[in-house]
Q: 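Dropping the structure in here first, questions after.
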Amino acid sequence: MPKRKSICIDCGRNCYPKENTITPRCRGCKNKNYWENTPYTRKEYAREWSLKKKYDIDNTGFDVLWIAFKGRCGICNNELKNLIW
């Protein structure tokens with residue numbers, strides 16, 4: 001079944017939105033709109049995503065561990081410098 005063609009509500013170009021969207025937007029406008037209305041920056045989002053992927057913890061969990069180990073590795077006791085963003 002061919003995709004439904006619509007006009008983007010932001011830029012006016014033709015786009016192919018997903019079937020369940022209420023407001024049709026092209027990919028660029030959708031990304032721009034998302035980052036303008038999200039409560040955190042891209043840098044904060046990237047930090048949270050990488051912590052979740054690598055260690056399966058969120059920002060709060062990492063901060064608790066950071067305070068508990070006083071900014072040092074729990075295994076080798078080396079100072080952790082590059083994890084603070």
Q: Where is the tightest heavy-atom contact between Leu51 and Asp58, given as atom of each residue plus distance?
A: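 It is CD1-O, 4.4 Å.
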
Q: Look at the side-chain heavy atoms of Ile, Leu, Val, Met, Phe, Trp and Tyr, link any pair under 4.5 Å apart, and say whether Val64 and Tyr55 land in one connected group.
A: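 No, separate clusters.
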
Q: How many angstroms lie between CG in Asn59 and NZ in Lys52, if you round to the nearest 0.5 Å?
A: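 The distance works out to 11.5 Å.
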
Q: So how far is it from Trp49 CH2 to Lys54 NZ, rounded to the nearest 0.5 Å?
A: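 If we round to the nearest 0.5 Å, Trp49:CH2 and Lys54:NZ are 9.0 Å apart.
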
Q: Less than 3.5 Å apart, any donor N or O on the side chain of Arg72 or Asn78 sitting next to an acceptor on the other?
A: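 Judged by distance alone, the side chains do not pair up.
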
